[in-house]
Amino acid sequence: MRKVYLTRDKSFVGCAGRLNVYVEDYNASELTIAGIPCRFVCKVKNGETVSFDIGDEAVKVVVIADKLSKDMCNDYYQIPAGVGDVEIGGKCTYNPGAGNPFRFHGVTDEHALANRKRSNKKGIITTIVAILIGVAIGLVMNMDTLFERPKDFISDDFQITLTTRFTEDYEDGIYYFGSSECSVSVSTFSFNEYAGVISMTEEEFLNVLKDNGHFGISSQMKKESGLLVVEEQAESNMGDIRSYFAVFIKSDDAFYVFEFGCENEKYEEYRPQFIEWANSIKIK
């Protein structure tokens, strides 16, 4: 037997969720991922190093976010046969359309690289299906827009007033609010988990996020209607351009980043609405 030491590099991308680690096992398979029969071994948190035992034979180590997204959000590392302990690592990469997947460092195996391409393709297909479903629902519910009214969304940490056209979701520590044309995501960076940022200003924290790929390197913070905001454009997995109005709020316990987004062509129309919604935010 030998040990594998797996390090998940600390990153603000996908920081809130724990990832699931599996090893290839044809005798005690619990789950098939990318055509690989796998056995669960452990979970790994952001910035954590975990260890587990494997045999001397060649084996694949597989990392997924969860069973639901395993087909479009997975990656594996082929460990060759041997007797010595092995050190491997990776981190979550910024790709919202594919679920911000974990990617191993130093992967050269052509089958593993091909699997990444397949996973990204499935992510694009999933996004297309979600958009089509959203369009269909939007057509069915179009009459509801005539009776649109303000609606308060309340979590344990914050409150925001949007409208009755929005629905709410929560995944891996991030709140999502969506309508047929707009989106709002809320990321929380607790000082208990990231103690080093407690003394930072909002602008200094933005630089940390830029270094981790969450914002473009040229993004600048400014004041707008009493808010500290970053406005930028980004290309989605579908190739279209979306515009974002990101609001930074520092409380006694955490940094909050509220990102309001829509299609680039509709941004000037929705920008005043984003400001109104952002000014409704209350941190508890």
Side-chain angles (χ1 to χ4, degrees), residues 14 16-17 66 68-69 72 94-100 123-188 214-215 224-249 251 254-284:
D66 52 52
L68 197 61
S69 63
M72 74 169 190
Y94 185 66
N95 187 350
N100 293 330
I124 292 173
I125 292 172
T126 301
T127 301
I128 292 173
V129 172
I131 290 173
L132 292 175
I133 292 174
V135 170
I137 293 174
L139 291 173
V140 172
M141 300 181 64
N142 188 54
M143 290 300 294
D144 289 346
T145 62
L146 296 174
F147 307 101
E148 182 180 3
R149 59 188 184 277
K151 179 179 178 180
D152 292 335
F153 292 89
I154 302 172
S155 77
D156 292 338
D157 303 317
F158 67 88
Q159 175 178 327
I160 185 171
T161 302
L162 300 171
T163 74
T164 50
R165 294 179 66 183
F166 282 83
T167 58
E168 179 180 2
D169 196 9
Y170 179 82
E171 183 178 352
D172 292 336
I174 301 178
Y175 284 91
Y176 298 94
F177 305 94
S179 71
S180 60
E181 294 186 341
C182 299
S183 63
V184 185
S185 67
V186 186
S187 301
T188 305
H214 194 77
F215 286 90
E224 176 70 44
S225 302
L227 305 165
L228 290 175
V229 306
V230 173
E231 294 183 270
E232 68 172 7
Q233 297 176 349
E235 184 176 347
S236 74
N237 286 332
M238 299 298 297
D240 60 330
I241 303 299
R242 290 181 65 83
S243 290
Y244 294 92
F245 187 90
V247 178
F248 284 67
I249 300 176
S251 72
F255 274 110
Y256 293 84
V257 181
F258 291 76
E259 290 187 76
F260 302 84
C262 66
E263 293 180 2
N264 187 51
E265 294 78 8
K266 296 182 179 290
Y267 185 67
E268 290 305 317
E269 173 188 348
Y270 276 104
R271 188 176 184 274
Q273 187 69 78
F274 291 161
I275 294 173
E276 179 181 338
W277 290 337
N279 274 312
S280 76
I281 298 168
K282 296 177 183 178
I283 304 298
K284 299 182 179 180

Exercise for the section: Any chance you could lay out the side-chain contact (heavy atoms from CB on, under 4.5 Å) test for T164 and K151, step after step, and finish with the verdict? Expected result: CA-CA 5 Å; T164 50; K151 179 179 178 180; 4.1 Å; yes
Exercise for the section: Determine, step by step, whether I283 and I249 satisfy the side-chain contact (heavy atoms from CB on, under 4.5 Å) criterion, reporting the C-alpha distance in whole Å, the side-chain angles of both residues, the deciding distance to 0.1 Å, and the verdict. Expected result: CA-CA 9 Å; I283 304 298; I249 300 176; 3.9 Å; yes
Problem - L162 and V184: CA distance, side-chain angles, deciding distance, side-chain contact (heavy atoms from CB on, under 4.5 Å) verdict - result: CA-CA 9 Å; L162 300 171; V184 185; 4.3 Å; yes
Practice task
Begin from the C-alpha positions of F248 and V229 and carry the test side-chain contact (heavy atoms from CB on, under 4.5 Å) through to its verdict.
Solution key: CA-CA 6 Å; F248 284 67; V229 306; over 6 Å; no
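Within the model, atoms OH of Y176 and CD of E259 stand 9.5 Å from one another, a figure rounded to the nearest 0.5 Å. A distance of 12.5 Å separates OG of S185 from CD of E171, quoted to the nearest 0.5 Å.
A 4.5 Å side-chain heavy-atom check between C182 and F260 finds every atom pair outside the cut-off. Taking 4.5 Å as the limit, some side-chain heavy atom of S225 sits within range of a side-chain heavy atom of N279. Using a 4.5 Å heavy-atom threshold, the side chains of P150 and T163 count as separate. Side-chain contact check for S251 versus Y256: some heavy-atom pair is nearer than 4.5 Å. Contact of the K282 side chain with the D152 side chain is not registered, since no non-hydrogen atoms from C-beta on lie closer than 4.5 Å. For the pair I154 and K284, the minimum side-chain heavy-atom distance is below 4.5 Å. Residues S243 and E265 fail the side-chain proximity criterion, which asks for heavy atoms closer than 4.5 Å. Residues F215 and V257 have side chains in contact (heavy-atom distance under 4.5 Å, counting atoms from C-beta outward).
A salt bridge links K266 with E181: the closest approach of a Lys/Arg side-chain nitrogen to an acidic carboxylate oxygen falls below 4.0 angstrom. Taking the charged nitrogens against the carboxylate oxygens, E224 and R271 do have a contact shorter than 4.0 Å, which makes a salt bridge.
F158 and F258 have their aromatic ring centers within a separation under 6.0 angstrom. Here the two rings, on Y244 and Y267, have centers that are 6.0 Å apart or farther. Aromatic pair F177/F153: ring centres closer than 6.0 Å.
Contact between L227 and I275 at its shortest, heavy atoms only, is CD1-O, 4.2 Å. When all heavy atoms of T161 and S280 are compared, the closest pair comes out as N-OG, 2.9 Å.
Side-chain contact, R165 with S180: a donor N or O sits under 3.5 Å from an acceptor N or O.
Note on ring orientation: taking the six-membered ring where Trp is involved, the planes of W277 and F274 are tilted (angle from 30° to 60°).
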